[in-house]
Structures are given as C-alpha cells and as structure tokens.
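Below is one structure, written out as structure tokens, with a few remarks after it.
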Amino acid sequence: MKVALITDSTSDLPRPLRERLGVGVVPLYVNLGGRIYRDWEEITPEEIFTKVREGEAFPTTSQPSPEDFQRAYREALQEADHVLSIHISAKLSGTVQSALLAAQNFPERITVFDSQAASLGIGMMVLRAHELLQAGQALPEVIRELERIRQDHFVRFSVATLEFLKRGGRIGGAQALLGTLLGIKPILTLKEGRVEAAGRARGEKKAREEILKDFQAWARERERIRAYFLYSAEASAVRELKEMVLASGLPVEEALVSELGAVIASHTGPGTYGFYAYSL
C-alpha cells in the first residue's frame, strides 16, 4: 500500500525539504490589517513583527477549511492508496477538526493524526513517518511509532514576551507567568497539546542553562537522540542553545534548524527559541 504524507504549514518544515520528500502541506491563514495571508506562502514573521511595531493590531490566525483538505487529499490519492495526515495539536487549532471533516469524503483512505505538538514537534513526526514508510514499514507500525514519540519527547522554548501568546489565546497554563518581573525569562513547554509553564529564569543565559538542565534529566540513559531547533526572526536566538545541547556529551544529533512560520510566530512573537527532541 502506497501512503502519502500530508501536514499543515505549522509543521514549519522548510519548503525545499518537504518538496524533496514529497510531503503535501495545507496552509493555515494569518489575518493582519484586514488582509488574509497563507502561512509560509504570502507573509513572513518579520513582516508581521514590523507591522505590529508600526502600530498594526496583533495578527489573528485561522485553520484551513475542510475544502482545503479535500483538495489536498483528492490530489494525493490520485497516486497513493492512503493518506497519513499529521497536524498541529487540536488544543491549539481547529486544523485537526477540518481534516477529520474532509476525511469523511474518502472513507477508510485517510488517517488523521493529532501530533499534540506545534512547529517542529509536528515536523519531526512527519520526517519520522517518511523515514519509516521509505523503509517499508506498514501504516499501523508507523502510527505506533508516532504515538510513542507523542508520549515521550522533550520540548522547551522561551519567548521574549508573553504578550503574543496572551493575545492569541494560546497561553494555557503559562498564564501564571504573566506580570513577572522585568528580566525574568519564561520557560515554556507543551503538555498534552497545550502551552504550559516549565519554569522561569533571570536573563537569557540562565534560561538556556535551565533548558539544558531539564534536557539532561530527560535524556539520561537514552542512547540516540534527534534534536530539532526552532527560532523566530533571528537565527542567532537559538545558536547558543544549540551549541550547548550539542556539546553536552549526550548522544544528540542535530536533525534540523528551522525558522517558525508566520502562524506560529504570530502566537509566540519575535525572539522565540527552543527545541524538540525524541529518542530512537
């Protein structure tokens, strides 16, 4: 059985990579200044941040429609027997619901998988699924591996300000960090698909040290780890953290470094950095 892979634009996989692998991508939308833009196609995070700094209202985002998914599924099924559709956490977006509605039009030919993640947390699952399918693994085995990664992975990230998460309504359990003292860096995670507080630190250096400490605790006794580093607007924001992780003495492979797309960046703001990791 030939299985096609489809994800949404919040997986933040670079276009050259997803095109090389043949992964279909359904874009989410950014509403800024009364105009609607397709994520990764019509607007960049830097354009959003510039407009907000110039006084534009904070952006809003919306999921693809079921019709968007129907088109993607119909095209993919022209060459494949089945579609594995991997998406952003249903607790952060209505994207999974749109995909499920569209799947009803293709009985038993679409599997929709809620990653309970965002950005490269989705992307790493898409890449793992592609790897296993290319190796000849059957779909049920691929799903079991994705479920394992969904249950057992590491994610930490930090933002320059919680204002974007607050205004976008995605702040979840990190609400308690609002109003912290100047210079305190929030350390965030995703837990069961929601943004939660994982700690706080005074200054960037301490924040990176705390993230590394948490990672070392998670990584203990794991034999092989893949790490996926993410940032918004400035690659330098994640560079030092990446160097610390790779120099930690742990069995870590740098799998990918990617900028956040416009939708995720709309909710995290500039100066965001962090990483996802899972073990093999």
Side-chain angles (χ1 to χ4, degrees), residues 10-18 20-21 40 44-46 49 115 117-128 130-131 149 152-162 164-165 174 183-191 195-265 267-280:
T10 65
S11 59
D12 289 341
L13 291 172
R15 184 188 293 272
L17 175 61
R18 67 197 197 209
R20 177 166 58 83
L21 299 181
W40 274 95
T44 67
E46 190 54 53
F49 303 149
S115 70
S119 188
L120 291 182
I122 314 162
M124 71 183 184
M125 293 188 195
V126 173
L127 296 177
R128 182 62 170 153
H130 181 270
E131 179 182 39
I149 294 171
D152 182 21
H153 66 270
F154 178 87
V155 56
R156 290 291 187 277
F157 65 101
S158 185
V159 296
T161 171
L162 289 167
F164 282 78
L165 281 166
I184 296 294
K185 291 288 294 181
I187 300 170
L188 307 173
T189 188
L190 268 81
K191 187 175 181 180
V195 177
E196 300 282 354
R200 64 184 79 185
R202 187 173 292 280
E204 294 282 1
K205 184 173 183 292
K206 272 291 187 184
R208 287 191 289 267
E209 290 172 354
E210 285 299 313
I211 290 172
L212 181 62
K213 180 180 173 184
D214 289 348
F215 177 61
Q216 289 171 322
W218 175 85
R220 193 174 297 120
E221 298 181 4
R222 297 175 193 268
E223 295 180 359
R224 187 180 171 197
I225 298 166
R226 287 177 174 167
Y228 298 75
F229 298 91
L230 53 88
Y231 66 93
S232 67
E234 292 293 334
S236 59
V238 79
R239 190 174 298 131
E240 190 166 340
L241 176 63
K242 183 184 79 169
E243 290 171 355
M244 291 168 67
V245 170
L246 297 179
S248 65
L250 295 165
V252 183
E253 305 168 7
E254 176 192 325
L256 188 65
V257 180
S258 181
E259 183 176 9
L260 298 174
V263 164
I264 298 295
H267 293 290
T268 60
T272 299
Y273 65 89
F275 72 106
Y276 273 91
Y278 73 92
S279 62
L280 292 167

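As a basis for the values below, the full set of heavy atoms in this structure was taken, side chains included, without hydrogen atoms, waters or symmetry mates. Sequence positions, counted from 1, serve as the residue numbers for this chain.
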Checklist entry - Can you find a heavy atom in the side chain of D152 that is under 4.5 Å from one in the side chain of R222? => result yes
Next on the checklist: My understanding is that only residues two or more places apart in sequence, or in another chain, count here; which of them pass salt bridge (Lys or Arg N to Asp or Glu O under 4.0 Å) with K191?
Outcome noted: none
Checklist entry - Which heavy atom of P186 sits nearest a heavy atom of S158, and at what distance? => result O-OG, 2.8 Å
Item to check | Point-to-point distance, once rounded to the nearest 0.5 Å, from CD1 of I187 to CD of E210 | outcome: 5.5 Å
Item to check | All side chain to side chain donor-acceptor pair (under 3.5 Å) counterparts of S248, not counting sequence neighbours | outcome: none
Checklist outcome for this item: Sequence neighbours excluded, the answer for ring pair (Phe, Tyr, Trp, His ring centres under 6.0 Å) partners of Y228 is none
Checklist entry - At their closest point, which heavy atom of A160 faces which heavy atom of P270, and how far apart are they? => result CB-O, 3.3 Å
Item to check | Set of side chain to side chain donor-acceptor pair (under 3.5 Å) partners for T268, sequence neighbours left out | outcome: T272
Next on the checklist: For the CD atom of E254 and the CD1 atom of I225, what is their distance to the nearest 0.5 Å?
Outcome noted: 14.5 Å
Checklist entry - Mind checking whether W40 and D12 have side chains closer than 4.5 Å, heavy atoms only? => result yes
Item to check | Closest non-hydrogen atom pair, V238 against G274 | outcome: CG2-O, 3.7 Å
Next on the checklist: I need the full list of salt bridge (charged side-chain N to carboxylate O under 4.0 Å, His left out) pairs touching residues 226-236, with sequence neighbours left out, sorted by first then second residue.
Outcome noted: E131-R226, R226-E253
Item to check | Partners passing salt bridge (Lys or Arg N to Asp or Glu O under 4.0 Å) against R220 (at least two apart in sequence or in another chain) | outcome: none
Checklist outcome for this item: Applying ring pair (Phe, Tyr, Trp, His ring centres under 6.0 Å) to H153 and not counting sequence neighbours gives Y276
Checklist outcome for this item: Residues passing the ring pair (Phe, Tyr, Trp, His ring centres under 6.0 Å) test with F275, sequence neighbours excluded, are F154, F215, F229
Checklist outcome for this item: Minimal heavy-atom distance between F49 and G269, with the atoms involved, is CZ-C, 3.5 Å
Checklist outcome for this item: Value for CZ (R156) from CG (L190), rounded to nearest 0.5 Å, stands at 10.5 Å
Item to check | Spatial distance of atom OG (S236) from atom OH (Y273) [nearest 0.5 Å] | outcome: 11.0 Å
Checklist entry - Which pair of heavy atoms, one from P45 and one from A265, lies closest together, and at what distance? => result CB-CB, 3.7 Å
Item to check | side chain to side chain donor-acceptor pair (under 3.5 Å) against E240, all qualifying residues, sequence neighbours excluded | outcome: R208
Checklist entry - Would you call S232 and V159 a side-chain contact if the rule is heavy atoms closer than 4.5 Å? => result no
Checklist outcome for this item: In short, A197 meets L188 closest at the heavy-atom pair CA-CD2, 4.2 Å
Next on the checklist: Can you list everything that forms a side chain to side chain donor-acceptor pair (under 3.5 Å) with K206? Sequence neighbours excluded, please.
Outcome noted: none
Checklist entry - For R239, what residues pass the salt bridge (Lys or Arg N to Asp or Glu O under 4.0 Å) criterion, not counting sequence neighbours? => result none
Checklist entry - Are F157 and L260 side-chain neighbours, meaning at least one heavy-atom pair lies under 4.5 Å? => result no
Checklist entry - Which distance, rounded to the nearest 0.5 Å, do you find between the CZ of R18 and the NE2 of H130? => result 14.5 Å
Checklist entry - In chain order, what residues pass the side-chain contact (heavy atoms from CB on, under 4.5 Å) check against S11, with sequence neighbours excluded? => result T7, L13, I122
Item to check | Atom pair CH2 (W218) and CG (L250), whose distance is rounded to the nearest 0.5 Å | outcome: 9.5 Å
Checklist entry - If we only count heavy atoms from C-beta on, is the L17 to L127 side-chain gap below 4.5 Å? => result yes
